[in-house]
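Starting from 1, each residue takes its place in the sequence as its number.
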Amino acid sequence: MAAPTPSPQTPQVQFLTVEEEWDGQRLDNFLFRTVKGVPKTHIYRIIRSGEVRINKGRAQADTRLATGDMIRVPPVRLASISTEQAKAPAAPAKSFPILYEDDWLLAIDKPAGVAVHGGSGVSFGVIEQLRAARPEARFLELVHRLDRETSGILLIAKKRSALVHLQDQFRERSTGKTYLALVKGHWPLNKKVVDTPLRKYLLPDGERRVRTTTKDDAESMRSLSLVRVRTHYEPLAQQGLPATSLLEVTIKTGRTHQIRVHTASSGHPIAGDDKYGDFDWNKRLAKQGLPRMFLHAWRLKFSHPSSNEAIELRCEPGADLFNPAERTPE
């Protein structure tokens, strides 16, 4: 589909029809590729404000498109916006540790502190850096997302057919995504399922957050986490640290901040979580050398998009993640 090219002097509303090749794509990714000359920060701004509409209704950046959808894009002055874009730094080429790669997909170990894509105040992320490092690649798209603060397995599709196939698996919950999380306190061994609905909301400054809610909430999203205790650790009195638990958490639904909110609302916040955690405990952990949130995408099971072969990837945590209870006091 040809990209719209409105005149900078007389911007007009654009109506774009989703063709078959974009079926299943996220709204933000669709706009990045089809509305040329507009920086990602502006794309996210017009989506959040409701100026972008799908079939006359409001949508979110992660809304999945369907063939035939009609998308309304508000007038944008490309000439003035391009100045802002010119100031934004180009994504530096960067490679990441490869866990698996073939002609269809790429799996990497995403480091903590790096966004998966640019937008919302972030100039670039993993996908932009990979594209810069692989200019010969005709197609590189994120299959799923990880929080900026979360490390571990991230899948990238190298063909559109692979992207659609893999995203269908994620949407149908036929994948197995298991994370390692260090939480405060001794998680009950018999608490193996957290089936608590979640709801998104915005802070006064516009930052996105999530909280638990009830099933009768019209905006609730069913959120299911399966929890297995790997190890219980006793308190460290000398360091002033409480008991902890190392959990394996398998998510059956991929809600924003799902594990973080489910554990925190159960009274067991994740170590180092600066949004939903125990901030005093986080400070004490930082003094012990834990530099970030202890949440790591450890294992991923899925079917190969071409052969349907069962694939299981594992990625052990890096040296920056450790449990203070396993370190000998100085």
Side-chain angles (χ1 to χ4, degrees), residues 144 146-147 149-153 169-170 172-200 209-217 219-237 239-282 284-285 288 290 292-302 310 312-317 321-327:
H144 62 114
L146 291 177
D147 288 348
E149 301 88 348
T150 303
S151 57
I153 304 171
Q169 292 183 53
F170 277 85
E172 294 165 4
R173 305 175 188 175
S174 58
T175 58
K177 295 185 290 182
T178 303
Y179 294 71
L180 295 180
L182 182 69
V183 301
K184 184 179 182 181
H186 281 175
W187 185 277
L189 292 174
N190 62 354
K191 188 178 179 63
K192 299 180 179 180
V193 178
V194 182
D195 189 1
T196 305
L198 300 178
R199 176 178 181 170
K200 294 180 181 178
R209 290 291 177 90
V210 178
R211 62 175 175 81
T212 58
T213 186
T214 58
K215 295 179 180 178
D216 57 2
D217 183 341
E219 296 187 33
S220 70
M221 301 172 292
R222 190 188 179 194
S223 305
L224 182 62
S225 301
L226 309 181
V227 183
R228 175 182 176 273
V229 176
R230 179 180 284 193
T231 312
H232 277 157
Y233 297 96
E234 296 307 315
L236 295 178
Q239 289 94 329
L241 297 176
T244 53
S245 303
L246 183 61
L247 308 180
E248 295 177 10
V249 185
T250 300
I251 57 173
K252 307 305 290 185
T253 53
R255 308 304 183 193
T256 301
H257 299 165
Q258 177 174 322
I259 297 175
R260 301 165 70 174
V261 178
H262 271 175
T263 55
S265 65
S266 299
H268 302 276
I270 293 177
D273 188 343
D274 64 358
K275 288 184 172 64
Y276 308 98
D278 181 323
F279 305 130
D280 180 65
W281 181 43
N282 289 346
R284 283 177 278 156
L285 288 170
Q288 295 297 319
L290 185 67
R292 64 174 181 91
M293 180 174 67
F294 199 125
L295 184 61
H296 178 77
W298 166 59
R299 184 176 65 199
L300 179 62
K301 299 178 181 179
F302 60 94
E312 178 176 334
L313 302 177
R314 294 197 181 196
C315 177
E316 298 303 323
L321 282 184
F322 67 92
N323 186 349
E326 295 179 315
R327 287 196 168 179

Scan Arg292, His257, Lys275 and name whichever one has a side-chain hydrogen bond (donor to acceptor under 3.5 Å, both in side chains) with Glu149.
->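 Of Arg292, His257, Lys275, side-chain hydrogen bond (donor to acceptor under 3.5 Å, both in side chains) with Glu149 is met by Lys275 alone.
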Is any side-chain N of the basic residue among Arg314 and Glu312 closer than 4.0 Å to the acidic one's carboxylate O?
->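 Looking at Arg314 and Glu312, the cut-off is met.
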Sequence neighbours left out, what passes side-chain contact (heavy atoms from CB on, under 4.5 Å) with Arg173? Give chain and number order.
->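 Partners of Arg173 under the side-chain contact (heavy atoms from CB on, under 4.5 Å) test: Thr253, Arg255.
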Taking only residues two or more places apart in sequence, or in another chain, which ones meet Ala271 in a side-chain contact (heavy atoms from CB on, under 4.5 Å)?
->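 With sequence neighbours excluded, Ala271 shows a side-chain contact (heavy atoms from CB on, under 4.5 Å) to Leu182, Trp281, Leu285, Leu290, Phe294, given in chain and number order.
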Can you check side-chain contact (heavy atoms from CB on, under 4.5 Å) on Val227 and Lys191, steps first, answer last?
-> CA-CA 7 Å; Val227 183; Lys191 188 178 179 63; over 6 Å; no
Strictly distance-based, threshold 3.5 Å: is any side-chain N or O of [X] a donor or acceptor partner for the main-chain N or O of [Y]?
X	Y	result
Thr175	Phe302	no
Tyr179	Gly152	no
His296	Ala181	no
Ser223	Met221	yes
Ser245	Gly185	yes
Asp273	Asp278	no

For the student: nearest non-hydrogen atoms of [X] and [Y], plus distance:
X	Y	value
His262	Ser265	O-OG, 3.1 Å
Lys177	Gly254	NZ-CA, 4.3 Å
Ser220	Thr213	CB-CG2, 3.5 Å
Thr150	Ala297	CG2-N, 4.2 Å

By salt bridge (Lys or Arg N to Asp or Glu O under 4.0 Å), which residues pair with Asp274, not counting sequence neighbours?
->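 Asp274 satisfies salt bridge (Lys or Arg N to Asp or Glu O under 4.0 Å) with Arg260 only.
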Rounded to the nearest 0.5 Å, how far apart are [atom1] of [X] and [atom2] of [Y]?
X	Y	atom1	atom2	value
Lys301	Leu313	NZ	CG	11.5 Å
Met293	Asn282	CE	CG	10.5 Å
Leu321	Leu295	CG	CG	9.0 Å
His186	Thr231	NE2	OG1	10.0 Å
Ile153	Arg299	CD1	CZ	9.5 Å
Thr244	Ile270	OG1	CD1	13.0 Å

Is there side-chain contact between [X] and [Y], with at least one heavy-atom pair below 4.5 Å?
X	Y	answer
Glu248	Leu180	yes
Lys200	Val210	yes
Val249	Thr178	no
Lys252	Leu226	yes
Arg211	Val261	no

CA sep, side-chain torsions, deciding dist, call: Leu247, Val229, side-chain contact (heavy atoms from CB on, under 4.5 Å) = CA-CA 5 Å; Leu247 308 180; Val229 176; 3.8 Å; yes
Over-ring placement of Arg228 relative to Trp298, 6.0 Å and 45° cut-offs =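 Not flagged: Arg228 not positioned over aromatic ring of Trp298.
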Stepwise side-chain contact (heavy atoms from CB on, under 4.5 Å) test for His232 and Leu189 = CA-CA 10 Å; His232 277 157; Leu189 292 174; 3.9 Å; yes
